[in-house]
**Q** 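Structure incoming, see below.
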Amino acid sequence: MSQQQISLPAKLINGGIAGIVGVTCVFPIDLAKTRLQNQRQGQQVYKSMIDCLVKTVRSDGCFGMYRGAAVNLTLVTPEKAIKLAANDFFRYHLSKDGRGLTVFKEMLAGCGAGMCQVIITTPMEMLKIQLQDAGRLAAQQRKPGIIPSIRLATTNTVLSRSYNVVPSSIPRAVSATQIARQLLHTEGIQGLYKGLGATLLRDVPFSIVYFPLFAHLNKLGKPSPDETAPFYWSFISGCAAGSTAAVAVNPFDVVKTRLQSLNKGANEDTYTGIVDCFRKILKREGPSAFLKGAGCRAIVMAPLFGIVQVMYFIGVGEFIMSQSPLKLISE
C-alpha cells in the first residue's frame with residue numbers, strides 16, 4: 001500500500017495538468033455543446049457546432065468562446081485529480097495478489113471514481129453553464145420573431161439582475177464569483193449543487209464505461225503483458241474510450257444542462273426534477289433531443305482523456321515528485 005500512497009500525489013498532478021491543457025484546447029466546443037443542448041424546437045439560434053462558434057466570434061469576439069473557462073480552469077484540477085486518483089485507489093483495493101481486475105471490478109472502480117468527482121463537478125458545471133448559455137439568451141433576444149419572456153425559473157431571481165432577461169434589455173456580463181455569491185446568499189450551499197442527481201446519472205455511468213474500455217483498448221497496444229503500451233496508443237485509447245462514453249451518457253448530460261440552466265429564454269420550460277425533465281423533453285422535442293450536442297461532447301472528451309493518458313505515460317507528476325525521470329519515448 002505504501003507504494004500506492006507515494007504515487008497518489010503524482011497522479012493528482014498528472015490529472016490536474018491534463019485537465020488544464022485539455023480544457024484550454026476544447027472549451028469552445030464545450031460552449032457550443034451547452035448552447036445546442038439548451039435550444040428548443042422553433043427557437044433555434046444555432047444550426048450546428050460550427051454555426052454556433054462563428055456566431056459567437058461575431059457577437060462576442062474570440063474571447064467569447066471562452067466564456068466560463070475560468071471556472072473550469074480553476075476547478076478542473078481538483079475534479080480530474082479526484083476522478084483519476086479515486087479510480088486508482090479503488091482499483092488497488094479491488095485487486096488481489098497483483099492479479100488483473102475483472103471487468104466487473106473495473107466497473108466498480110469507475111463507479112466509485114464517478115461518485116467522488118461530483119463533489120467538484122456539480123458546482124463547476126453549475127457556474128460554467130450560466131456563463132456559457134448567457135450568449136445564447138442574448139442571441140435569442142436579437143433574433144427576429146422571438147419575443148423574450150420575463151418568465152424565469154423559480155430560482156432565477158438570483159440572477160435576474162445580472163442577466164436582465166426582459167423584453168427591452170441586453171444581458172450584462174456576470175462573473176462566476178457573482179453567481180456563486182448570490183446563490184450562496186439566497187439558497188445556501190444547495191444552490192451550487194442544483195442538478196446533483198443528474199450529474200451523478202451522467203458521471204457514474206461515464207466512468208463505468210470509460211475506465212474498463214480504456215484498460216482493454218490499451219492492452220491491445222502492449223508489445224507484451226509486462227510492457228506498457230506506447231504513448232500514442234495510450235492517447236488513441238483515451239480518445240476512443242472518452243468519446244464512446246461521452247456519447248453513451250449524452251441523454252443524461254442534456255437533462256443535467258437543462259436542470260442547471262437557471263435562466264430561461266422565450267417560452268422555455270422549467271423542470272421540477274429529473275423525471276419531469278425527461279418527460280417534457282421526450283413529449284415536446286422527441287427522442288432525438290437527447291442526442292443534442294453529442295458530437296460536440298465526443299469531440300471534447302476524446303482529446304481531453306487522450307491528453308490525460310499521455311500525461312500518465314510521460315510521468316510528469318512522478319517527475320515533479322522526483323520519483324522518476326520523464327518517459328519521453330516508448331520503452
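The structure displayed is predicted, hence computed values, not measured ones.
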**Q** Does the side chain of Arg35 reach to within under 4.5 Å of the side chain of Asp133, using non-hydrogen atoms?
**A** yes
**Q** What's the spacing between Phe206 CZ and Lys83 NZ if we round to 0.5 Å?
**A**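 Those atoms lie 5.5 Å apart.
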**Q** Are side-chain heavy atoms of Thr257 and Lys292 found at a separation under 4.5 Å?
**A**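 Thr257 vs Lys292: side chains apart.
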**Q** Do the non-hydrogen side-chain atoms of Thr102 and Leu94 ever get within less than 4.5 Å of each other?
**A**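 Not touching, per the 4.5 Å side-chain cut-off.
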**Q** Report yes or no: does Thr244 contribute a side-chain atom to a donor-acceptor pair with the main-chain N or O of Ala241 at less than 3.5 Å?
**A** no
**Q** Quick check on the hydrophobic clustering: are Ile119 and Leu127 connected, directly or via other members, by side-chain heavy-atom contacts under 4.5 Å?
**A**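 Same cluster: Ile119 reaches Leu127 through Ile, Leu, Val, Met, Phe, Trp or Tyr contacts under 4.5 Å.
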**Q** Please examine the side chains of Tyr66 and Pro28, heavy atoms only from C-beta on, and report whether any two atoms are closer than 4.5 Å.
**A**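 A side-chain contact exists here, since the closest heavy-atom pair is under 4.5 Å.
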**Q** Closest heavy-atom contact between Arg67 and Leu131?
**A** CD-O, 3.1 Å
**Q** Indicate the atoms forming the closest heavy-atom contact of Leu73 with Thr24, along with that distance.
**A**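 Looking at all heavy atoms of both residues, the closest pair is CD2-OG1, 3.6 Å.
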**Q** Is a side-chain donor or acceptor of Tyr193 paired with a backbone partner of Met126 at a separation under 3.5 angstrom?
**A** no
**Q** What distance do Leu53 atom CG and Arg58 atom CZ have between them, rounded to the nearest 0.5 Å?
**A** 12.0 Å
**Q** What do the steps show when you test Lys128 against Glu125 for side-chain contact (heavy atoms from CB on, under 4.5 Å), and what is the final call?
**A** CA-CA 5 Å; Lys128 181 195 73 173; Glu125 293 275 308; 3.0 Å; yes
**Q** So if you build clusters from Ile, Leu, Val, Met, Phe, Trp, Tyr with side-chain heavy-atom gaps below 4.5 Å, do Phe252 and Leu282 land together?
**A** yes
**Q** Any side-chain heavy atom of Phe90 sitting closer than 4.5 Å to one from Cys116?
**A** yes
**Q** Would you name the heavy atoms of Thr122 and Lys194 that are closest together and state the gap between them?
**A** CG2-O, 3.9 Å
**Q** Between Val247 and Ala298, what is the shortest heavy-atom contact and its length?
**A** CG2-CB, 3.8 Å
**Q** Once you round to the nearest 0.5 Å, how far does SG of Cys25 lie from CG of Asp30?
**A**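 These two atoms lie 13.0 Å from each other.
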**Q** State the CG-OG1 distance between Asp253 and Thr199, to the nearest 0.5 angstrom.
**A** 9.0 Å
**Q** Show the atom names and distances, to 0.1 Å, of all donor-acceptor pairs under 3.5 Å that link a side chain in residues 211-220 to residues at least two apart or in another chain.
**A**
from, atom 1, to, atom 2, distance (Å)
His216, NE2, Glu106, OE1, 3.3
Asn218, OD1, Ser234, OG, 3.2

**Q** Hey, quick one: are Ile208 and Leu101 part of the same hydrophobic cluster, counting side-chain heavy atoms closer than 4.5 Å, chains of contacts allowed?
**A** no
**Q** Measure the shortest side-chain to side-chain distance between Val209 and Val249 over non-hydrogen atoms and say whether it is less than 4.5 angstrom.
**A** no
**Q** Please confirm whether the backbone N or O of Ala240 pairs with a side-chain atom of Ser243, one donor and one acceptor, at under 3.5 Å?
**A**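 Pair found, side chain donor or acceptor close to backbone of Ala240.
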**Q** Please name the pair of heavy atoms, one in Arg297 and one in Ala246, separated by the smallest distance, quoted to 0.1 Å.
**A** NE-O, 3.5 Å
**Q** Are Ile20 and Phe63 in one and the same hydrophobic cluster, where Ile, Leu, Val, Met, Phe, Trp and Tyr link if side-chain heavy atoms are under 4.5 Å apart?
**A**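 Ile20 and Phe63: separate clusters.
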**Q** Which value, rounded to the nearest 0.5 Å, describes the distance between Leu108 atom CG and Asn87 atom CG?
**A** 11.0 Å
**Q** When you measure from the side chain of Lys280 to the backbone of Thr270, do you find a donor-acceptor pair of N or O atoms at a distance under 3.5 Å?
**A** yes
**Q** Going by distance alone, is a donor N or O of one side chain under 3.5 Å from an acceptor N or O of the other, for Asn38 and Gln132?
**A** no
**Q** Among the clusters formed by ILVMFWY side chains lying less than 4.5 Å apart, do Ile189 and Leu75 turn up in the same one?
**A**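 In one cluster with Ile189: Leu75, yes.
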**Q** Mind checking whether Lys222 and Glu227 have side chains closer than 4.5 Å, heavy atoms only?
**A**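 No, too far: nothing below the 4.5 Å cut-off.
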**Q** Do you know which two heavy atoms are closest between Gly197 and Ile274, and how far apart they sit?
**A**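 Residues Gly197 and Ile274, closest heavy atoms: C-CD1, 3.6 Å.
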**Q** Would Ile299 and Val26 count as a side-chain contact (heavy atoms from CB on, under 4.5 Å) here? Give the steps.
**A** CA-CA 8 Å; Ile299 295 172; Val26 303; over 6 Å; no
**Q** Once you round to the nearest 0.5 Å, how far does SG of Cys52 lie from CD1 of Ile29?
**A** 11.0 Å
**Q** Looking at Val45, is its backbone amide N or carbonyl O close enough to the side chain of Gln39 to form a donor-acceptor pair, meaning the two atoms are under 3.5 Å apart?
**A** yes
**Q** When you measure from the side chain of Glu79 to the backbone N and O of Gln117, does any donor-acceptor pair fall under 3.5 Å?
**A** no
**Q** Are side-chain heavy atoms of Val255 and Phe290 found at a separation under 4.5 Å?
**A** yes
**Q** Can you list the steps and then say if Asp269 with Arg258 is a side-chain contact (heavy atoms from CB on, under 4.5 Å)?
**A** CA-CA 9 Å; Asp269 289 321; Arg258 297 283 181 94; over 6 Å; no
